[in-house]
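Since the structure comes first, as C-alpha cells, the remarks are kept for the end.
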Amino acid sequence: MTTSNEKFAVEKTEEEWLQQLTPEQFRVLRKHGTERAGTSPLDKLYEPGIYSCAGCGQPLFSSETKFNSGTGWPSFYQPIEGAIATSIDKTLFMTRVEVHCSRCGGHLGHVFRDGPAPTGLRYCMNGVALNFTPAEGDNS
C-alpha cells in the first residue's frame, strides 16, 4: 500500500482533501476504499476521451485502451505512460498490485494479469476515482 512517507508532486493535508473531494472519492482515493461493483456510470461509457485522476486531474487512461471486463468497474489494458505507479497490497488476505496516481498518490484500483492483448493486463479502476473528459470533435 502507499505509505505516508512517499513524496508526490501534489500533496495536501487530509483536511484539504476532505474539502476538495466528495466523501466517496475521499474514501477511495485517500483511504484505499473500493466502490461497489456496477455503481459507476463510467463502467459502461465508451465514448472517445481521457480518464483523469479525480484528485489532481492528471490524465491516466485513454478511452482507446478501455474494454468491457464484465467486472462492474471501468477497465483498461494500458495506462498513459508515467501516469500511474504501483505497490503491493496485502489486505483482504491476498496479495494484489495496487494502482495509484503517480502525481498525487490517490488509490485508483488494482491491476491483474487477465486482460486482453496487447498487454494481457486489466487495470480495474474505481470509477469514483476518475473524471472523464470527452475528446474534442474534429473541427476541420
Find out if a path of hydrophobic residues (ILVMFWY) with successive side-chain heavy-atom gaps under 4.5 Å connects [X] to [Y].
{"X": "V10", "Y": "L108", "value": "yes"}
{"X": "Y77", "Y": "L45", "value": "no"}
{"X": "F76", "Y": "F112", "value": "no"}
{"X": "I84", "Y": "M125", "value": "yes"}
{"X": "V99", "Y": "V128", "value": "no"}

**Asked** Are any side-chain N or O atoms of S102 and backbone N or O atoms of A83, one a donor and one an acceptor, separated by less than 3.5 Å?
**Response** yes

**Prompt:** Under the 3.5 angstrom rule, does the side chain of Q20 hit a backbone N or O of W17 as a donor-acceptor pair?
**Reply:** no

**Request:** For the pair S87 and E98, evaluate side chain to side chain donor-acceptor pair (under 3.5 Å) and give the outcome as yes or no after the intermediate values.
**Result:** CA-CA 5 Å; S87 56; E98 178 196 1; 3.1 Å; yes

**Asked** Is the Y123 to F61 ring centre distance short of 6.0 Å?
**Response** yes

**H107/H100 aromatic ring centres below 6.0 Å** = no

**Request:** Using side-chain hydrogen bond (donor to acceptor under 3.5 Å, both in side chains) as the criterion, list what pairs up with T119, not counting sequence neighbours.
**Result:** none

**Asked** Counting heavy atoms not belonging to E11, are there more than 12 under 6.0 Å from its CD?
**Response** yes

**Message:** Can you confirm if the NZ or CZ of K66 lies within 45° of the ring axis of Y46 and under 6.0 Å from the centre of its six-membered ring?
**Reply:** yes

